[in-house]
Amino acid sequence: MSEARYAIYFAPPEGSELESVCSAILGRCARTGAALKQPAIPGIEPARLAELTASPRHYGLHATLKPPFFLAEQHDKTELLENTAMIASKIRSFDLPGLELARIGSFLALTLTAPCPDLEDLARICVTVPDRLRRPPRPEELARRRAKGLTPNQERLLNLWGYPYVLEEMRFHLTLTGSIHDPEERERIHAALTPLLAPVLHRPVPVREICVFRQTCPEKPFTILKRITLVQKT
């Protein structure tokens, strides 16, 4: 049985300032797989920055549309790519209203400055349409999700779609740090990252593609397997 996991993500446009700035913060390019030199950020020791970004670096710079999943035994990546291309052929490209640096739980991420119905529609389709290809989660995977504490609705979504934070529970975000449990440190890092991110904040972000990411085995990071173009705006 394949150990590979797949996901359908939004990734910033190739070569964009958003991709460049945020990938440098994480220390890896999800497009090429290359390690990147992290910037010197006043107030954050280099070793601490590397530690704080270890988890998002492993997953690659992205915002989740369909969370990571294993393919069912009777399906393969070709079917997933074809299915995703079919989705993309029916969805018109759009712009996100802008991003801001915010706290989500104990970590920091770029989130939307305003609701985006086009994004919500895209995420809903990416979660539901290819779901027939997904292997149901094993008991230990379900137990790990439930250990964090779920609401009744999140439990329902976990049972339906294999993940509790989809559809109406989704909050679009590009993760930039792992958990920062000390509130004072979290605020200090927020303040330190803000000037670096200033050029990419509060600006429309084009969504012209969706990306299939792949992780070949648990020890390996996620990388972009393929970018798939949406229907272009006229």
Side-chain angles (χ1 to χ4, degrees), residues 5-14 16-36 38-39 41 44 48-69 96-113 116 119-120 122-123 126-127 144-145 148 154 162-167 169-183 185-194 196-203 205 207 209-215 218 220-224:
R5 280 199 301 170
Y6 297 86
I8 303 175
Y9 288 157
F10 164 77
E14 182 175 340
S16 66
E17 191 169 18
L18 181 61
E19 179 193 55
S20 175
V21 169
C22 295
S23 294
I25 291 172
L26 296 188
R28 185 174 69 87
C29 178
R31 175 166 48 86
T32 66
L36 301 174
Q38 292 181 291
I41 303 176
I44 309 179
R48 183 56 174 154
L49 180 62
E51 180 183 23
L52 287 174
T53 54
S55 178
R57 180 165 57 250
H58 185 73
Y59 283 88
L61 179 64
H62 75 277
T64 300
L65 298 172
K66 185 170 184 61
F69 61 95
L96 300 176
L99 300 172
E100 60 186 359
L101 181 62
R103 177 175 67 87
I104 299 181
S106 59
F107 65 90
L108 298 177
L110 294 179
T111 63
L112 295 179
T113 57
C116 183
L119 171 66
E120 294 169 8
L122 174 61
C126 287
V127 166
R144 188 172 66 252
R145 300 294 181 198
K148 298 179 179 180
Q154 290 165 353
Y163 194 74
Y165 309 112
V166 293
L167 305 180
E169 295 283 348
M170 182 196 81
R171 182 175 179 184
F172 179 92
H173 61 280
L174 290 94
T175 304
L176 295 179
T177 75
S179 293
I180 309 172
H181 297 292
D182 182 344
E185 183 186 28
R186 191 165 56 239
E187 289 305 312
R188 180 165 51 82
I189 291 171
H190 185 288
L193 289 177
T194 298
L196 187 63
L197 292 164
V200 301
L201 299 180
H202 304 285
R203 296 181 177 182
V205 177
V207 178
E209 303 163 319
I210 52 178
C211 298
V212 176
F213 275 55
R214 178 176 60 180
Q215 179 191 41
K220 297 292 186 181
F222 279 85
T223 55
I224 296 175

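Keep in mind the model is a prediction, meaning the values are calculated, not measured.
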First locate atom [atom1] of [X], then atom [atom2] of [Y], and finally report the distance between them rounded to the nearest 0.5 Å.
X	Y	atom1	atom2	value
T53	L108	OG1	CG	12.0 Å
E14	C29	CD	SG	8.5 Å
I189	I44	CD1	CD1	5.0 Å
H62	I210	NE2	CD1	14.5 Å
T177	L52	OG1	CG	6.0 Å
C22	L176	SG	CG	5.0 Å

What is the ring orientation for F222 with H58, classed by angle as parallel under 30°, tilted 30 to 60°, or perpendicular over 60°?
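F222 vs H58 ring planes: perpendicular.
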In terms of relative ring orientation, are Y163 and Y165 parallel, tilted or perpendicular, with 30° and 60° separating the classes?
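Rings of Y163 and Y165: perpendicular, over 60°.
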Distance-only, no hydrogens or angles: does the [X] side chain make a donor-acceptor pair with backbone N or O of [Y] under 3.5 Å?
X	Y	answer
R103	G105	yes
T32	A34	yes
R186	I180	yes

Lys/Arg N to Asp/Glu carboxylate O, E185 vs R48, below 4.0 Å
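Yes, this pair counts.
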Contacts of [X] that satisfy side-chain contact (heavy atoms from CB on, under 4.5 Å) - sequence neighbours left out:
X	result
R171	A102, I104, T111
R203	E17
L196	V21, I25, P39, I41

I need the minimum non-hydrogen distance between [X] and [Y], along with the two atoms involved.
X	Y	result
M170	A123	SD-CB, 3.6 Å
P12	L61	CG-CD2, 3.7 Å
L112	E100	O-OE2, 3.7 Å
P67	F69	O-CD2, 3.2 Å
H173	T175	CD2-OG1, 3.1 Å
L18	V205	CD2-CG1, 4.0 Å

Applying side-chain contact (heavy atoms from CB on, under 4.5 Å) to R31 and T223, what does each step give before you reach the verdict?
CA-CA 6 Å; R31 175 166 48 86; T223 55; over 6 Å; no
Would you please name every residue forming a salt bridge (Lys or Arg N to Asp or Glu O under 4.0 Å) with [X], sequence neighbours left out?
X	result
E120	none
E209	R227
R5	none

Are [X] and [Y] packed together at the side-chain level, in the sense that at least one heavy-atom pair is separated by less than 4.5 angstrom?
X	Y	result
F213	P221	no
L167	V127	yes
L65	L119	yes
H202	L99	no

Applying side-chain contact (heavy atoms from CB on, under 4.5 Å) to R28 and L36, what does each step give before you reach the verdict?
CA-CA 5 Å; R28 185 174 69 87; L36 301 174; 5.6 Å; no
